[in-house]
4 protein chains.
Amino acid sequence: MTADPETTLRADARRNRDQILAAAKNIFAMSGPEVPMEEIARAAGVGVGTLYRRFPDRDALVRAVAMDNFERVLIDARVIAEEETSSWRALERLLRQSVELQLSVQLAMVSHRALVILKSDPEVRRLRDEILSVLDGFVDGAKAEGKLRDDVGAGDIAILFATLLRQMRAKSPEVAEMAARRCVGIMIDGLSARPGSALPGRPITSGDLDPD
Amino acid sequence: MTADPETTLRADARRNRDQILAAAKNIFAMSGPEVPMEEIARAAGVGVGTLYRRFPDRDALVRAVAMDNFERVLIDARVIAEEETSSWRALERLLRQSVELQLSVQLAMVSHRALVILKSDPEVRRLRDEILSVLDGFVDGAKAEGKLRDDVGAGDIAILFATLLRQMRAKSPEVAEMAARRCVGIMIDGLSARPGSALPGRPITSGDLDPD
Amino acid sequence: MTADPETTLRADARRNRDQILAAAKNIFAMSGPEVPMEEIARAAGVGVGTLYRRFPDRDALVRAVAMDNFERVLIDARVIAEEETSSWRALERLLRQSVELQLSVQLAMVSHRALVILKSDPEVRRLRDEILSVLDGFVDGAKAEGKLRDDVGAGDIAILFATLLRQMRAKSPEVAEMAARRCVGIMIDGLSARPGSALPGRPITSGDLDPD
Amino acid sequence: MTADPETTLRADARRNRDQILAAAKNIFAMSGPEVPMEEIARAAGVGVGTLYRRFPDRDALVRAVAMDNFERVLIDARVIAEEETSSWRALERLLRQSVELQLSVQLAMVSHRALVILKSDPEVRRLRDEILSVLDGFVDGAKAEGKLRDDVGAGDIAILFATLLRQMRAKSPEVAEMAARRCVGIMIDGLSARPGSALPGRPITSGDLDPD
DNA sequence: TATGAATGAGTATTCATTCAT
DNA sequence: CATGAATGAATACTCATTCAT
């Protein structure tokens with residue numbers, strides 16, 4: 001039974017690792033995944049060497065941040081699935097609530113580089129697929145409940161998700177945050193089962209997402 | 001009647017400039033505004049030296065690309081305003097149609113750096129403000145027509161715009177394009193005047209957008 | 001007919017390339033192939049950037065130096081083959097004369113890293129094999145002449161070669177140079193056809209060299 | 001009678017030191033004296049910390065390895081001097097037998113850095129001088145016996161020694177080992193007292209060797 | 001005392017920008 | 001003018017050495 005890295009680390013090493021991850025998450029969210037490694041190290045209060053000891057190169061760090069974010073989203077989604085009896089409500093809540101998701105999605109999408117890194121990582125894929133499978137459940141249920149329009153699939157929602165929940169830059173952080181919540185609101189209204197007009201194309205399923 | 005040398009040179013120079021602009025637009029859209037200048041020059045079929053003769057530095061090029069995109073959007077918007085009698089229809093069409101807009105917005109948003117560059121440029125500001133003022137007209141009109149929900153402002157739409165119309169990468173190009181059109185559809189449904197639920201906060205006006 | 005790089009280069013670029021190669025040759029010979037790139041650039045009187053423009057990374061430079069040295073050796077060997085009628089004399093002269101060879105062999109052997117780089121390069125292999133084939137001719141001829149002991153092969157000589165002709169460090173450069181010449185002399189006497197004692201093992205042929 | 005704590009510790013420490021020395025010897029021989037300290041520690045089965053407790057820095061370790069090798073050579077040489085009545089035989093045997101010598105010489109010569117380290121160390125010098133003095137005895141005796149050519153000195157032999165006995169890399173280990181023995185054989189034949197040709201320069205004495 | 005984590009100076013490499021051809 | 005070579009500052013990454021556990 002080999003201990004997994006997260007468990008094995010010495011207490012201080014552990015603390016450092018967490019600080020680095022947190023710092024990277026913030027900085028990536030703010031300035032994209034190309035920021036100088038030194039800046040991340042500084043923000044985490046460690047030397048570059050320490051950063052590199054924990055994450056052998058930038059790609060490893062990007063991956064780790066993405067994993068961490070996705071994990072939180074998955075946990076959120078599962079808690080919601082437990083607590084809500086209506087799938088439509090679950091869907092709404094997932095969309096509205098997930099702040100972590102903002103970050104992960106943002107990271108995943110903001111840069112070509114990050115995208116390439118993440119797509120090649122089987123662990124990230126696995127996590128994403130788990131999230132999508134929970135989402136699939138919500139979508140099916142909400143359609144059955146008659147609350148979700150029939151002409152959308154989980155893929156549509158994932159894309160809206162990914163696209164909408166990016167950090168909005170606007171006047172002030174307050175406006176930005178308000179804007180984010182309003183966007184989600186409009187989107188949810190657009191999704192609910194009394195559409196004004198049919199959507200073009202066909203429902204996008206989770207299987208349609210990056211089939212490469 | 002052969003053109004006199006000066007005119008000939010200008011024509012040449014013009015062609016060069018246009019090639020560079022077109023190349024930069026494509027490459028920026030594809031790989032973000034941080035790509036090596038040399039790559040842009042290569043794509044444009046000129047040497048770096050020529051690129052630098054036309055655009056003194058990267059910022060100038062980013063600005064020029066953005067200007068060019070915004071100009072097209074503005075032209076589109078004005079044509080639409082001419083042709084459509086219903087403001088709601090105009091709004092819809094603007095949102096659905098503007099492919100150029102995708103590019104400009106994408107560029108503007110994709111990188112912190114680009115954002116900073118653009119925000120500090122008065123000409124870009126001016127153009128953007130003109131676009132927003134046309135949009136304001138659409139919004140007011142559509143509300144008056146009872147087609148647009150009352151609790152949104154032009155700022156809301158601009159943000160949705162900016163956020164939604166980003167190019168979706170990955171997936172097959174066909175799915176990506178379909179996804180984009182569907183996202184706009186859902187958003188328009190969400191905007192139309194029979195909301196399921198009130199939006200949080202207050203309408204975001206065009207004045208709320210980065211006044212810093 | 002695409003011009004090969006050596007021909008195409010602009011005059012100044014050409015000059016720079018040659019200076020870099022010369023500088024690298026000297027410095028590698030003196031301090032091994034791990035010296036800072038910057039030092040090489042400085043010695044060549046160019047900026048690091050220029051060095052990297054010509055040789056994309058250290059490995060490329062190491063390869064280029066080795067190629068250059070081997071080429072000179074091959075040229076030497078062919079001239080000698082032309083001029084000498086006795087193979088034994090040719091062999092002797094090749095061993096005694098080749099100063100370039102010192103450098104190439106030295107470089108090739110001095111560091112694990114260099115060795116790995118060179119072995120994986122097909123062009124270097126090809127050159128080396130050509131040299132060995134000329135050497136094979138000398139060996140066969142010299143044995144037929146009764147001047148070279150029968151119990152050695154071209155591989156033995158190549159190894160002695162490679163091992164002996166390394167730069168000797170000693171008191172002064174003069175002593176070092178004298179030492180080198182004396183070593184070769186002793187070796188040649190040891191090779192000549194009146195041995196005091198049989199050698200262990202069996203003749204090493206050129207085929208025995210790095211069979212991996 | 002259980003060992004008292006202090007003795008136990010010493011034994012431990014001793015074992016550690018020996019393991020490190022052995023590991024360093026192997027790794028230096030294989031990859032040169034520039035390998036990461038961490039790699040040496042790993043090979044020795046200890047942490048870097050322990051390595052540094054025993055040897056304050058890399059130089060100290062290099063010195064220790066060299067000392068250890070030289071000591072073994074000296075012991076060999078003295079045993080040989082005891083056992084052999086003919087100086088020429090003693091010389092031959094020393095050259096043929098000393099495997100340890102391979103290592104020490106290799107280490108001493110392979111890198112500029114190591115050379116500098118060793119040359120500045122009085123203890124290493126002392127050892128080396130003792131070896132040379134034994135060698136001087138062999139040389140003088142063998143000349144008197146008429147077995148060693150008159151035109152060489154102990155310095156010539158030391159240099160041949162140092163140069164020839166370097167570990168041959170590449171090839172199969174078997175060929176490499178055979179090659180080493182054959183080189184020594186050729187060299188010995190070249191040294192024996194029926195030279196085909198006079199050597200250039202003058203005999204190199206042990207005093208000629210790096211007196212700087 | 002042994003361990004391995006943290007540090008940061010040293011190097012490799014890239015790329016925006018300038019300038020000779 | 002167009003070109004692409006040269007420059008060097010910025011940044012990634014490695015590894016010797018120190019120090020907390």
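Just so we're on the same page: letters track the sequence lines, and every chain starts at 1.
With a 4.5 Å cut-off on side-chain heavy atoms, D121(D) and D59(D) do not count as touching. At a threshold of 4.5 Å between non-hydrogen side-chain atoms, the residues L61(B) and I20(B) count as touching. Within the 4.5 Å cutoff, the side chain of R72(A) has heavy atoms near those of the D68(A) side chain. Within the 4.5 Å cutoff, the side chain of L127(D) has no heavy atoms near those of the E123(D) side chain. For the pair F55(D) and R63(D), the minimum side-chain heavy-atom distance is 4.5 Å or more. The shortest distance between side-chain heavy atoms of L51(A) and N16(A) does not fall below 4.5 Å.
Distance CZ (R54(B)) to P (dT17(E)): 17 Å, rounded to an integer number of Å. Summarising the geometry, the separation between CZ on R58(C) and C1' on dC13(F) is reported as 14 Å, rounded to the nearest angstrom. The CD-P distance, from E34(C) to dC15(F), rounds to 11 Å in whole Å. Rounded to a whole Å, the CD atom of Q19(C) is 12 Å from the C1' atom of dA6(F). Between L51(B) atom CG and dC19(E) atom P there is a gap of 17 Å when expressed in whole angstrom units. As a whole-Å value, the separation of D59(C) CG from dA12(E) P is 12 Å. Between the OH atom of Y52(C) and the C1' atom of dG8(F) there is a distance of 13 Å, rounded to whole Å. Between E38(A) atom CD and dA12(F) atom P the separation is 8 Å, expressed in whole Å.
The environment of CD in E39(C) is crowded: more than 12 heavy-atom neighbours from other residues, nucleotides or ligands sit within 6.0 Å.
Both V48(C) and G47(D) lie near DNA chain E, and the one whose nearest nucleotide falls closer to the 5' end is G47(D). Where V35(D) and P36(A) each meet DNA chain F at their nearest nucleotide, the meeting point lying more 5' is that of P36(A). Heavy-atom nearest nucleotides on DNA chain E were determined for N16(A) and for D57(C), and the one closer to the 5' end corresponds to N16(A). Between G45(B) and R15(A), the residue whose closest nucleotide on DNA chain F is further toward the 5' end is G45(B).
Backbone-only engagement by V46(A) is indicated by non-hydrogen atom pairs under 4.0 Å involving sugar-phosphate atoms exclusively. Residue contacts for R42(B): at a heavy-atom cut-off of 4.0 Å it reaches no nucleic acid atom on any strand shown.
Taking a pair as Watson-Crick or G-U wobble with both distances under 3.5 Å, DNA chain E forms stems of 3 or more consecutive pairs at E:2-21 with F:2-21.
Contact annotation: T50(B) reaches the phosphate of dT3(F) (side-chain N/O to OP1 or OP2, under 4.0 Å). Close to dT1(E), at under 4.0 Å from its OP1 or OP2, lies a side-chain N or O of R53(D).
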